[in-house]
Amino acid sequence: MIEATMSNVEVVSGTRLGVSSAAVHNHLELLADMGRDFASSQDLELTLRKAVERITNYVDAEAGALFMLSPCGLKLQCNASVGPVEINGLEIAADQGIVGFCVQKDTGRIVRDVSKDPDFNASVDDETGFKTKSILCAPMSVKGERIGAIELINKRGGDGLFGDDDLYLLQALSFSAGLAVLNARMAAELVEQERVKRELELAAEIQRSLLPIEKDSDFPVKGVNLPARVVSGDFYDFYPLDDGRVAFTLGDVSGKGMNAALMMAKTASLLRCLGKSIKEPGRLLTLVNEEVCETATRGMFVTLVHGIYDPESGYVRLANAGHEPPLVVGKDGSFRAIEAEAPPLGISPALLDEDGFPETEFNLDGGRLFVFTDGVTEGYVSEGVELGIDGLKDLIKASEKDGVESVLNAVRQLIGGDGGRVLRDDVTLIAIDDGVAKHSSTSALGTAEPGATDKPGEKILQLRVTAKANRLRLIRNAVRETAIFCGFSETDTADIVLAVDEACQNVIRHAYGSEGEGDIAIEIRHRPDAMIIILRDFADPVDISKIKPRDLNDLRPGGLGTHLIREVMDAVDFLPPPIDGGNLLRLVKNIRS
Amino acid sequence: MEHAISDVGGALVVAFSGDIDLQTSPDARKALLSLVGKGQPILVDLAGVGYIDSSGVASLVECLQSAKKSGQKMALVSVSDGALRVLQLARLDRVFVICATIDDGVVAVS
């Protein structure tokens with residue numbers, strides 16, 4: 001026992017001491033040479049293969065192999081081999097054999113007689129016919145990160161046994177090989193990161209191009225979008241329609257990042273393309289919803305507001321699909337939230353009846369409309385403090401005199417920190433400014449009448465009768481005579497009579513319920529360019545969104561009256577309800593010169 | 001509004017006169033539907049109808065649908081300008097068979 005130990009020590013010290021200075025010089029030269037190779041390598045695989053070749057020859061071993069640990073850490077794969085048997089691509093379990101032992105324990109090992117070592121795995125020899133006698137193995141690892149191992153087999157010449165100096169040399173080489181592999185991996189990761197970053201920037205650029213181009217400063221709609229990451233799941237858009245009205249959209253795709261951005265691109269494109277020809281927000285959203293439902297990734301959805309604003313009249317018609325309620329700010333500073341009456345897009349194609357997404361109609365009447373994502377109200381104005389809906393209202397109030405652009409700027413500054421703050425969520429807001437006071441005067445019916453300030457026209461007829469079917473003929477006759485008096489042709493006169501009759505029918509049928517009774521008042525004014533008919537009932541305000549023309553492909557009776565009115569008149573608007581209650585409908589028929 | 005029903009060349013002719021509006025369309029509807037199920041083609045004479053509103057048009061549509069179901073043909077005849085205008089506005093002028101005279105109508109539905 002003692003002898004054996006002694007002889008062991010002798011062997012170790014003997015070999016170490018036996019290394020001549022010339023040999024040390026050669027060792028260092030080899031290491032330095034290979035270190036340079038690793039550092040300057042363009043093709044690491046090739047360099048590693050050459051390194052295994054050189055060390056095998058240098059140590060004078062029969063064979064050599066380099067094993068790499070798989071990314072999952074469960075397998076060792078031979079990446080390079082020299083010797084009589086080619087074992088490139090060979091896979092063994094990560095804890096198998098001497099190689100597995102060295103990798104797992106992160107230690108080098110000399111096995112002088114494999115037949116006496118229980119860790120030796122003979123299956124490779126069985127397969128290849130190679131006869132392994134002794135093994136020298138050193139792990140490749142850097143700072144505890146296991147990368148693999150280099151193994152040399154069967155030392156030629158001398159006593160045929162690997163010595164400690166062989167092990168030290170192999171360990172030094174394995175370490176620099178490991179370092180080279182790790183460096184190469186990190187470089188590849190950096191390249192990949194750089195590529196992904198570049199791709200994201202390109203995506204963001206395309207995404208920004210989907211936002212509307214900045215219009216003239218007096219364009220009534222303005223927007224801001226601050227992405228939380230490089231790309232955004234929010235979007236907004238506005239564009240003029242061929243009839244002078246302006247379509248606007250603001251949406252928020254569930255989630256953030258690339259998938260949300262792609263979904264956003266699709267939804268925004270669909271809306272922009274279809275929105276130019278389909279001028280009914282509810283119907284448009286129905287179509288887009290069907291498309292999104294058909295193709296959306298499971299679990300993704302879009303909350304969205306789409307509407308049409310008429311700068312002439314201040315009239316807004318919008319549909320809200322599960323989005324944050326837009327805020328209508330009256331000229332008097334009052335706030336009204338337009339609640340969503342339908343689910344987000346992408347939830348279900350068949351939730352809604354044939355009328356599509358419910359619409360809300362209202363007149364901005366010189367006021368402003370703000371549509372925004374929850375990134376605005378939930379955005380931090382300082383660490384941990386959200387702006388909140390009240391904070392947004394305060395911003396709006398404070399900007400009353402400066403126009404909506406100042407609200408946009410305040411959002412950029414407060415939440416975005418002028419680009420300096422990391423955002424919690426995408427921040428998007430659009431604002432419509434109905435601007436100049438357009439609707440202010442009070443007519444004989446006790447209401448604000450659009451256009452009344454500049455051109456009220458001459459009052460030709462005022463009529464107030466009980467809202468009953470048997471008064472319709474009386475109304476028709478009065479309207480007919482008035483239209484003729486105003487100089488309308490026979491056909492136009494018949495059309496006007498039809499429209500007023502149908503409008504009165506709506507009052508008679510719906511305003512006062514089946515039991516109730518009330519009046520209907522008609523006022524007709526004559527301007528050089530138009531005849532204006534204002535109809536008033538004295539019932540509870542109607543839900544305007546429920547009165548709209550039916551799709552004419554649907555020939556079922558009912559709803560036809562509203563269609564006829566819109567068909568023959570040049571403008572049909574519900575006006576803001578009078579202070580003392582009731583509903584006001586304004587019909588305009590232009591006089592063509 | 002008044003109406004009269006007659007038999008011309010195997011077709012049932014219902015001739016309306018006066019305005020068909022919210023007040024009178026329930027009567028018009030009743031008269032129209034009374035012809036459904038009689039096995040003969042139906043002609044609706046609108047020569048005397050100067051005004052028809054959406055409720056009157058709805059009655060005509062309802063009658064047309066019921067007549068189709070019971071295998072009867074139906075046509076509108078002598079439609080006044082005013083009534084034709086409303087049918088056009090409602091895009092129903094191509095849904096109904098419209099004939100200039102009762103005789104044309106008899107030919108069209110037999």
Side-chain angles (χ1 to χ4, degrees), chain A residues 465-480 483 488-512 514 520 547-570 572 589, chain B residues 1-3 16-33 36 44 46-69 74-76 79-98:
Chain A
V465 294
T466 310
K468 279 186 168 171
N470 62 10
R471 310 296 151 94
L472 282 169
R473 191 167 173 175
L474 174 80
I475 293 170
R476 286 200 299 272
N477 286 332
V479 173
R480 180 178 297 113
F488 282 101
S489 70
E490 207 174 307
T491 312
D492 281 349
T493 299
D495 284 354
I496 294 166
V497 168
L498 177 70
V500 176
D501 180 294
E502 294 290 350
C504 291
Q505 278 188 44
N506 280 337
V507 173
I508 293 166
R509 288 209 273 205
H510 306 298
Y512 298 108
S514 51
I520 183 165
I547 302 174
K548 45 180 190 182
R550 281 197 185 260
D551 188 348
L552 273 182
N553 296 323
D554 176 13
L555 286 180
R556 290 176 318 156
L560 185 60
T562 312
H563 165 73
L564 293 175
I565 300 171
R566 290 193 187 268
E567 196 75 355
V568 300
M569 299 310 277
D570 291 301
V572 183
K589 184 74 175 173
Chain B
M1 191 229 37
E2 289 170 355
H3 75 271
F16 291 102
S17 59
D19 292 356
I20 303 182
D21 67 359
L22 187 63
Q23 194 192 359
T24 59
S25 64
D27 291 340
R29 177 175 175 270
K30 219 179 283 170
L32 285 164
L33 293 181
V36 174
V44 183
L46 295 175
V49 177
Y51 181 83
I52 185 166
D53 73 350
S54 61
S55 69
V57 170
S59 303
L60 290 175
V61 171
E62 189 183 354
C63 180
L64 178 69
Q65 285 169 338
S66 305
K68 265 188 187 158
K69 270 186 206 142
M74 172 173 156
L76 308 182
V79 181
S80 67
D81 289 349
L84 187 62
R85 168 78 178 152
V86 179
L87 290 172
Q88 283 164 346
L89 286 171
R91 310 275 194 275
L92 289 169
D93 49 326
R94 290 185 191 168
V95 173
F96 287 104
V97 176
I98 298 176

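What you are looking at is a predicted structure, and each value in this text was computed from that prediction instead of being measured.
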Between A/R473 and B/D21, what is the shortest heavy-atom contact and its length? N-OD2, 4.4 Å
Only one of A/I565, A/V568, A/L560 passes side-chain contact (heavy atoms from CB on, under 4.5 Å) with B/L89; say which it is. A/V568
Between A/R509 and B/S54, the two heavy atoms sitting closest are NH2-OG, 4.4 Å
One should read off an interatomic distance between A/N477 CG and B/D19 CG, to the nearest 0.5 angstrom, of 8.0 Å
Check A/D495 with B/R85, please: is the shortest side-chain N to carboxylate O separation under 4.0 Å? yes
Residue B/L60 versus chain A: region with a heavy atom under 4.5 Å: neither
Given side-chain contact (heavy atoms from CB on, under 4.5 Å), test A/E567 with B/R91 step by step and report yes or no. CA-CA 11 Å; A/E567 196 75 355; B/R91 310 275 194 275; 2.8 Å; yes
What distance separates B/L22 CG from A/N506 CG, expressed to the nearest 0.5 Å? 10.0 Å
What's the separation between atom CZ in A/R476 and atom CG in B/D53, rounded to the nearest 0.5 Å? 7.0 Å
Answer with side chain, backbone, both or neither: which region of A/L498 has an atom nearer than 4.5 Å to a non-hydrogen atom of chain B? both
Would the number of heavy atoms belonging to other residues, nucleotides or ligands and lying under 6.0 Å from CD of B/Q88 be above 12? yes
